[in-house]
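Step one of this worksheet: look at the structure below.
As a basis for the values below, the full set of heavy atoms in this structure was taken, side chains included, without hydrogen atoms, waters or symmetry mates.
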Protein chains: 4
Amino acid sequence: MDTARIPGTTGEIPRSSAAESARRGRPRSEEADRAILSAATELLAERGLGGMSMEEVAARAGVGKTTVYRRWPSRGALALDAFLTEFQEQQPLPDTGTLHGDLLAALRGWTRSVTRTPAGRMLAGLIAEAQRDPALGAAWRDRVIEPLRARHTIMLDRAIERGEIRADVDKDVVLDLLFGPAYHRLLNGHRPLTDRFARQVVDLIVAGLSADEPA
Amino acid sequence: MDTARIPGTTGEIPRSSAAESARRGRPRSEEADRAILSAATELLAERGLGGMSMEEVAARAGVGKTTVYRRWPSRGALALDAFLTEFQEQQPLPDTGTLHGDLLAALRGWTRSVTRTPAGRMLAGLIAEAQRDPALGAAWRDRVIEPLRARHTIMLDRAIERGEIRADVDKDVVLDLLFGPAYHRLLNGHRPLTDRFARQVVDLIVAGLSADEPA
Amino acid sequence: MDTARIPGTTGEIPRSSAAESARRGRPRSEEADRAILSAATELLAERGLGGMSMEEVAARAGVGKTTVYRRWPSRGALALDAFLTEFQEQQPLPDTGTLHGDLLAALRGWTRSVTRTPAGRMLAGLIAEAQRDPALGAAWRDRVIEPLRARHTIMLDRAIERGEIRADVDKDVVLDLLFGPAYHRLLNGHRPLTDRFARQVVDLIVAGLSADEPA
Amino acid sequence: MDTARIPGTTGEIPRSSAAESARRGRPRSEEADRAILSAATELLAERGLGGMSMEEVAARAGVGKTTVYRRWPSRGALALDAFLTEFQEQQPLPDTGTLHGDLLAALRGWTRSVTRTPAGRMLAGLIAEAQRDPALGAAWRDRVIEPLRARHTIMLDRAIERGEIRADVDKDVVLDLLFGPAYHRLLNGHRPLTDRFARQVVDLIVAGLSADEPA
DNA sequence: TCGTAACCGAGACGGTACGTCTGGTCTTTTT
DNA sequence: AAAAAGACCAGACGTACCGTCTCGGTTACGA
């Protein structure tokens with residue numbers, strides 16, 4: 001995934017006036033960065049976002065609280081970066097040759113990440129936190145949702161090129177139909193997120209997209 | 001809607017040994033009930049679930065915290081009841097004669113509730129809270145998600161009876177495809193929840209369901 | 001000493017609107033009062049006022065920080081009460097029959113308290129703290145300095161009655177001459193606070209007071 | 001006053017191994033010295049010692065914190081030098097021809113300095129700080145108290161030479177009787193530091209010293 | 001003229017304590 | 001026996017300074 005960490009996006013606090021080429025003062029410790037992120041990741045996996053306090057992150061990382069706040073302005077911003085460190089690159093951009101294959105691979109990749117790794121818990125916690133922290137909500141859209149959608153849009157573009165689906169299809173709606181049900185089950189937990197479920201969703205979407213084709 | 005408040009479901013605390021016909025002591029004040037619920041509803045609408053503290057609910061209702069906790073075991077449980085008071089009955093069970101009409105009416109009813117009333121904010125806040133409070137998650141499923149699904153299943157049963165769709169369709173998947181995308185947009189806010197969006201979703205689902213029909 | 005703790009003086013926070021005879025709600029725990037005061041006294045004796053943090057007082061007393069702040073609004077106010085608990089009653093009101101005997105007993109009582117018990121350290125710390133906290137300064141004057149002066153004034157009144165000194169002597173100045181040098185040595189530490197020193201001070205004051213007598 | 005700043009006394013940190021005649025490396029900036037001292041003096045006068053943080057001194061002087069700490073090892077040491085810069089030379093060594101005149105001039109000089117210039121606030125703050133920093137306490141005695149006492153002792157020696165007082169008088173006690181009451185009022189603030197007060201103190205001391213004279 | 005030593009401003013570092021807030025429980029008196 | 005009130009313990013919050021450290025860079029001496 002090419003959403004590599006771009007400093008300054010979530011709440012990443014830029015050093016002074018940015019483009020000042022000769023940075024003054026002691027440089028930020030990269031080791032502290034790593035220690036904080038991995039402490040956050042551990043706590044997130046162990047106890048969920050609610051159980052990840054800045055206090056304990058700092059203590060576990062062997063770092064002062066100011067050192068944490070200097071880098072991340074809020075719990076959510078830190079959790080988001082910890083999540084991305086785990087989650088990024090896990091999401092494949094499949095190219096199987098058919099729309100059905102691509103969508104299925106993408107959806108299964110997602111459902112497996114969230115059911116088999118700590119990413120699911122983190123993801124649910126972050127969406128929850130984003131409901132109360134608008135800044136986190138914006139960062140979440142910009143750094144997670146949109147980059148993933150951009151990648152997945154490519155699958156649809158390829159299907160259009162191949163003539164599998166109409167060129168005027170509303171790709172936003174298709175992507176919401178693909179992932180919305182999965183997020184729904186993850187967050188509400190009313191039914192399990194199985195491979196079979198993923199296939200059924202994809203079957204129906206592909207059938208629906210093909211239905212109004214000239215045949 | 002038949003999800004009328006059934007004491008004991010969310011966490012409703014029963015009076016002593018329940019079936020004891022002749023209750024002793026001072027009866028619970030129904031006015032306190034109302035004052036608490038409406039204070040909670042106000043705060044929820046004004047500031048979202050994050051801004052609704054038990055402390056302030058009690059203060060605004062002119063009631064001791066104990067009185068609140070005697071009735072609702074947690075912030076989430078109270079918020080859930082406040083939400084249901086607002087949301088219940090708002091969700092219609094349409095009967096238009098066609099599957100497409102029914103699904104569209106149901107989805108539009110939902111999207112309008114969440115975009116035009118405080119219900120949307122409450123709903124998002126409750127799903128968020130449910131991520132950190134498993135008991136609330138269970139109550140949410142039992143008192144909101146499942147009753148709604150039961151009602152909506154009726155629409156699919158009628159379509160089967162009419163022969164519009166196959167009898168062996170997986171109704172769970174269809175319902176997740178119907179509402180999942182809408183929840184997705186509500187919680188992530190990446191695209192707006194428009195009437196047009198509702199129609200596109202329903203169009204595609206109905207097309208997909210009809211595709212594998214014999215005729 | 002009759003400066004028994006008068007609630008409301010230092011910063012003692014009164015319960016609600018004071019004269020409300022029937023106090024409602026859970027009463028303040030007297031055990032918490034005791035635990036906090038004795039934790040404060042211990043820390044004060046061990047490490048001085050600088051080493052007495054509210055954090056540690058609360059921890060050592062097994063009490064929440066709010067419970068401490070509910071009673072004492074600042075570190076200084078708490079320290080002042082802890083000091084009085086130790087110091088009060090230690091200061092005698094001598095009645096030896098002569099001015100010289102009375103002044104000497106009073107001054108020696110004071111110097112012995114401050115040199116042989118933890119009171120000296122507390123006293124020095126409190127005067128220090130009072131320099132930066134005006135509210136504490138006022139409480140210090142009202143609850144320590146003035147009550148002591150009132151008691152000591154009695155010695156001078158008796159001497160006037162006996163005809164040992166003139167009736168128009170400025171008692172404030174005499175008291176400052178009596179205790180000022182001792183405070184000076186305590187706070188600056190440039191010379192020791194010995195019994196001999198006390199006697200020399202008293203000798204000179206009594207001589208000075210008698211000098212302008214008709215004889 | 002001849003207590004001109006003697007480097008190395010308070011905590012003044014000498015450059016390398018001191019007597020090495022040919023100092024190598026960049027010399028210390030005298031401008032930084034001045035900027036720091038005057039920033040400290042300003043802050044001390046504005047907000048007292050409690051409001052003078054090393055952080056803000058450095059910022060206001062436009063200097064790195066290291067540069068401050070290289071010169072003064074602690075807040076107290078810096079404050080002491082700032083105080084001396086203000087206070088020194090203000091204290092006269094009177095020579096009026098009589099003990100009474102000398103003592104009165106000396107005491108009034110002191111009380112006027114502390115009541116009419118920022119020196120009083122600084123002095124009180126420094127004595128306070130010295131209670132928690134023993135090194136500062138020692139420096140305070142060595143650089144302020146003792147030099148002043150040495151000067152004032154001269155007044156007593158002259159009185160002995162003139163035969164005004166006995167040669168075996170304990171000069172330490174007399175000086176504590178002279179200044180102790182004034183420090184007492186400054187630090188406790190229970191009574192004002194007036195010229196009248198100074199005269200009353202001096203009157204009584206001189207009377208007391210003369211009493212046991214052969215006459 | 002070059003190297004080296006000590007300085008410079010800036011600012012990050014690990015810590016401690018602050019005073020506030022809320023959660024959920026407990027203990028009173030009053031109804 | 002339930003109500004209202006309010007105290008209880010616990011612990012996270014974000015801030016302010018502490019005194020130390022690490023940068024890139026400057027200034028002056030001695031080789």
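- The side chain of Arg26(D) lies closest to dT27(F), out of dC18(E), dT27(F), dA10(E).
- For Arg28(A) (side chain) and Asp33(A) (main-chain N/O), no donor-acceptor pair under 3.5 Å exists by modelled atom type.
- Side-chain N or O atoms of Thr41(C) include one that pairs as donor or acceptor with a backbone N or O of Leu37(C) at under 3.5 Å.
- Counting any heavy atom pair closer than 4.0 Å across all strands shown, Ser29(C) reaches sugar-phosphate atoms only and no base atom.
- In terms of phosphate contacts, Thr67(C) brings no side-chain nitrogen or oxygen within less than 4.0 Å of OP1 or OP2 of dA7(F).
- The number of heavy-atom neighbours closer than 6.0 Å to CD of Glu31(A), taken from other residues, nucleotides and ligands shown, is 12 or below.
- The residue among Ser53(A) and Glu30(C) whose nearest nucleotide of DNA chain F lies closer to the 5′ end is Glu30(C).
- Phosphate proximity of dC8(F) to Arg71(C): present, with a side-chain N or O under 4.0 Å from OP1 or OP2.
- Each of Met54(D) and Ala32(C) has a nearest nucleotide on DNA chain F; the 5'-most of these lies closest to Ala32(C).
- In this structure a side-chain-to-backbone donor-acceptor pair under 3.5 Å is missing from Glu56(C) to Met52(C).
- The side chain of Tyr69(D) lies closest to dC18(F), out of dC18(F), dG14(F), dC13(E).
- Relative to the side chain of Arg70(A), the nucleotides dT20(E), dA12(E), dG19(F) differ in distance, and dA12(E) lies closest.
- Between Glu55(C) and Val63(A), the residue anchored nearer the 5' end of DNA chain E, judged by the nucleotide with its closest heavy atom, is Val63(A).
- Side-chain to base pairing of Thr66(D) with dC21(F): one donor and one acceptor N or O lie within less than 3.5 Å of each other.
- Donor-acceptor pairing under 3.5 Å, judged by distance alone, is absent between the side chain of Lys65(A) and the base of dG14(E).
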